Number of protein chains: 12
Amino acid sequence: MDQVYKKLEMVGSSRNSVEEAIGNALERTGEAVRHMRWFEVAEIRGYIEDGKVSYYQVTLKVGFVVEQPG
Amino acid sequence: MDQVYKKLEMVGSSRNSVEEAIGNALERTGEAVRHMRWFEVAEIRGYIEDGKVSYYQVTLKVGFVVEQPG
Amino acid sequence: MDQVYKKLEMVGSSRNSVEEAIGNALERTGEAVRHMRWFEVAEIRGYIEDGKVSYYQVTLKVGFVVEQPG
Amino acid sequence: MDQVYKKLEMVGSSRNSVEEAIGNALERTGEAVRHMRWFEVAEIRGYIEDGKVSYYQVTLKVGFVVEQPG
Amino acid sequence: MDQVYKKLEMVGSSRNSVEEAIGNALERTGEAVRHMRWFEVAEIRGYIEDGKVSYYQVTLKVGFVVEQPG
Amino acid sequence: MDQVYKKLEMVGSSRNSVEEAIGNALERTGEAVRHMRWFEVAEIRGYIEDGKVSYYQVTLKVGFVVEQPG
Amino acid sequence: MDQVYKKLEMVGSSRNSVEEAIGNALERTGEAVRHMRWFEVAEIRGYIEDGKVSYYQVTLKVGFVVEQPG
Amino acid sequence: MDQVYKKLEMVGSSRNSVEEAIGNALERTGEAVRHMRWFEVAEIRGYIEDGKVSYYQVTLKVGFVVEQPG
Amino acid sequence: MDQVYKKLEMVGSSRNSVEEAIGNALERTGEAVRHMRWFEVAEIRGYIEDGKVSYYQVTLKVGFVVEQPG
Amino acid sequence: MDQVYKKLEMVGSSRNSVEEAIGNALERTGEAVRHMRWFEVAEIRGYIEDGKVSYYQVTLKVGFVVEQPG
Amino acid sequence: MDQVYKKLEMVGSSRNSVEEAIGNALERTGEAVRHMRWFEVAEIRGYIEDGKVSYYQVTLKVGFVVEQPG
Amino acid sequence: MDQVYKKLEMVGSSRNSVEEAIGNALERTGEAVRHMRWFEVAEIRGYIEDGKVSYYQVTLKVGFVVEQPG
């Protein structure tokens, strides 16, 4: 069968690491959890306070299965 | 009048051709058919089984008319 | 707190200027106005009639806050 | 019928604005005005005199209809 | 001998396939047929009607031999 | 288990279609057939004779499983 | 004689237009005004308040003459 | 007020992680700590010794507030 | 003496972190360990199960010394 | 006065050097010599015979002044 | 017949010129000399000692004919 | 120890060659000579007079060691 996906662009943030920022974005996509399949990192950036990283900000493209109607 | 569009990123697949993978993605966008206007191919890839193409996978950006409220 | 955003791709148009095309896209995103935070210009193009710019067309990525449930 | 276009790369300049630089480029493409259809902005740059913008310089790709012979 | 080429950007369209859109562009370059040597696909996009591909539109860079004068 | 892949860049050609050029590249990778998993299209180009496409040339990145020793 | 330039990356902002944001960046480069020669726009983005553009933010590369010692 | 920023390109390294390499670059920018606002990761690479990562090397663009004179 | 290198593209994966995925790729390049010199991260992506990162997948270009014959 | 330019894409070749390939392309643009202003190198490649460079091939964008009519 | 190529990424270096660095990379590809067909320059960089270029380093993609078995 | 670098963007020019333009840029970076480590070519362009190259212009990113305070 010919599977179809959609991709949404999300930005997650974390005070601790790139990996935690990715996890935080996935937790709040607003889509059914069982439809999420993969992600691609599009951008890594972050904010600085007092000369240190305040938080990391990672932009992801997240791939979701589009269910067949009926 | 100043028209506004949104663009969604879809991935279609097909065992036969790039063109069929595009068509399959368009069939299941979950948007009103009459709003779809154009697509742009962002990526062509595919999966391999026994040394042959198992299916093509084409990533599209699809442009939709955003209707003016009321 | 770890903020999450989503980014939507919109295309606005205007007969007058790049800035007005951006404003027109923002006006019709279909999202709650209070969630919109920033935009990034991805592409500037336009259509021509009688050798003059008929309208500008600006593709934007628009960033929205994703509210925490509950 | 299957339409064919060609795209030419033009650079327009203006002391006042990006939009005027685009218009100036279109005015002097050397092609029949009725064949011009669309443009895409490839680059925005400019020159500086006395610490101020002296003129904007906008590089465009301009799309023209290629007429069918006879 | 030191060969020189020029490259023109063409857009071909077809209701049926990417390959036919390429062929249609080549047929109407307006250059001497014997000078054409190669093409590079720069962009694949298309238009949609009633939820199906209406036509494919392929942007090509076409390489032509520049003949030596005299 | 933590899977590792390598990616090789191949160029396939065909007189008939983009899809056939992809298939031709896969047939002669010189790797064990059972290790091939996926491909990504990096470039589509071609050669021209007498104003028509002589053959398509498609550059692929092909992903192979790297087997664990022992 | 062989001229040498350096390029600095600046971000200017303005509530009104892309052009004014460029001008604001140039005004505060911290370099001798007579050394500035050209700019290249690298990115156009902006911030949103109440569903409208709050300010434009334009990233420029600015070229300066490097004076010969002595 | 119209804020202006400059961006500097820095490369930080660390034997342990991408995040630590970012932190190390920020510590030695040679700018007043209170002016640093954000960073963007431009490149991640590293060196290898005895088949293991010897150190990570992360290229950042760091954004600084340009203070208004006076 | 004029050193020559070759670069291979590898994909490593890990359930835990980007850094571990890099290390896993290096461990299985199939080249003599003493020839490996540096890596460049080309892509970071991953797979998702039950709404969480199942594993990270990092694409690297790995640089190897090409030994001089004899 | 607002100057307009067009840019043509040319490919020059030479058995000896990148610089000579550039010079060879400029010599045969088919445009009035007095209109040529600048070039930008878009691609450097070449052909190989018997394990040595047979000739360099350099793709240029060449900028020409578009003269004002009359 | 449908020719197939593979592309390898090599880095050559030279104290004297970009061209010599290319030649040095080709000399040590480890492939049969008669299979090499073309190269594409992917990157030019170099190292500095005492404020002068110590050596140029050129990254190439080199195309090889893949011979048909038997 | 964890080394930190900064990268500056310089443009050198020369009437004779790409290599000489690089050397000219390095000579006038305005930094301590002993801190310069490597360069990356970002752009090669040039100016034309009387149909010949008037001078080459090469944009470099130059890497400098940032010394540890104290």
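The structure displayed is predicted, hence computed values, not measured ones. Sequence lines set the chain letters: A, B, ... in the order given, protein chains first and strands last, and positions in each chain run from 1.
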Please classify the contact of B/Glu20 with chain A as side chain, backbone, both or neither, using a heavy-atom distance under 4.5 Å. side chain
Supply the atom-to-atom distance A/Gln3 CD to B/Gln57 CD, rounded to the nearest 0.5 angstrom. 9.5 Å
What is the distance from atom NZ of A/Lys61 to atom OG1 of B/Thr59, rounded to the nearest 0.5 Å? 8.5 Å
Would you say A/Glu49 has more than 12 foreign heavy atoms packed within less than 6.0 Å of its CD? no
Please look at A/Glu67 and chain B and tell me whether the side chain, the backbone, both or neither of the residue comes under 4.5 angstrom of a heavy atom of that chain. backbone
With respect to A/Lys7, which candidate in B/Val11, B/Leu8, B/Leu60 satisfies the side-chain contact (heavy atoms from CB on, under 4.5 Å) definition? B/Val11
Does the side chain of B/Met10 come within less than 4.5 Å of A/Val4's, by heavy atoms? yes
